[in-house]
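Here is the structure we will look at.
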Amino acid sequence: GEIKMLLTEEQTKQYLIDMIAHYGDKEKNTLGILSWERSEAEYRKNTYKDIKIALFGEDINDENRNQKNPQTWIR
């Protein structure tokens with residue numbers, strides 16, 4: 001029969017976190033450059049964030065929230 005490889009919930013969450021970080025870095029590395037590459041990186045980062053929120057809910061560690069919240073959370 002066919003073997004189906006399914007990710008655990010934790011693996012899925014970690015994959016999404018890794019992708020958000022990857023495209024976040026890519027976006028920062030092209031900062032100041034108005035380019036398709038930067039737009040694409042931002043778009044993909046936000047897409048992975050949306051998927052993560054849809055699957056796991058809001059995350060207090062979200063980088064956008066931490067700017068307003070002086071308390072820093074350690075992973």
Side-chain angles (χ1 to χ4, degrees):
E2 187 181 324
I3 298 171
K4 293 186 178 179
M5 298 294 289
L6 299 177
L7 296 176
T8 65
E9 186 176 322
E10 197 51 48
Q11 288 171 318
T12 302
K13 193 173 200 177
Q14 192 55 55
Y15 172 77
L16 293 170
I17 289 167
D18 290 347
M19 288 295 99
I20 291 164
H22 171 75
Y23 286 111
D25 288 345
K26 208 167 186 177
E27 184 185 12
K28 284 183 187 109
N29 291 340
T30 55
L31 216 56
I33 304 166
L34 287 175
S35 70
W36 177 86
E37 193 177 347
R38 178 164 172 242
S39 300
E40 182 73 5
E42 184 182 14
Y43 173 79
R44 288 181 182 216
K45 180 190 77 175
N46 290 333
T47 300
Y48 281 109
K49 275 186 172 185
D50 288 345
I51 293 168
K52 186 169 165 267
I53 289 167
L55 292 177
F56 300 105
E58 292 288 340
D59 188 350
I60 53 172
N61 285 336
D62 190 321
E63 65 190 43
N64 298 329
R65 293 177 198 280
N66 264 355
Q67 292 166 1
K68 295 178 190 113
N69 184 353
Q71 189 172 7
T72 305
W73 296 90
I74 300 167
R75 286 179 204 232

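Hydrogens, waters and symmetry mates play no part in the numbers below; they use all other heavy atoms, side chains included.
Taking the salt bridge (Lys or Arg N to Asp or Glu O under 4.0 Å) definition, one finds that Glu42 meets it with nothing, sequence neighbours left out.
A chain of hydrophobic side-chain contacts below 4.5 Å, direct or via other Ile, Leu, Val, Met, Phe, Trp or Tyr residues, connects Leu55 to Tyr23.
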Side-chain donor-acceptor pairs under 3.5 Å in residues 12-22, sequence neighbours left out?
residue: Thr12; atom: OG1; partner: Thr8; partner atom: O; Å: 2.9
residue: Gln14; atom: NE2; partner: Asp18; partner atom: OD1; Å: 2.9

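Residues Leu6 and Gln11 share a closest heavy-atom pair of O-OE1, 4.3 Å. Ala41 approaches Lys26 most closely through the heavy-atom pair CB-CB, 4.0 Å.
Atom CG of Asn46 sits about 11.0 Å away from atom CD1 of Ile51, to the nearest 0.5 Å. In this structure, Arg38 CZ and Lys28 NZ are separated by 11.5 Å, a value rounded to the nearest 0.5 Å.
Within a 6.0 Å radius of CD in Glu9, no more than 12 heavy atoms belonging to other residues, nucleotides or ligands are found. More than 12 heavy atoms of other residues, nucleotides or ligands sit less than 6.0 Å from atom CZ of Phe56.
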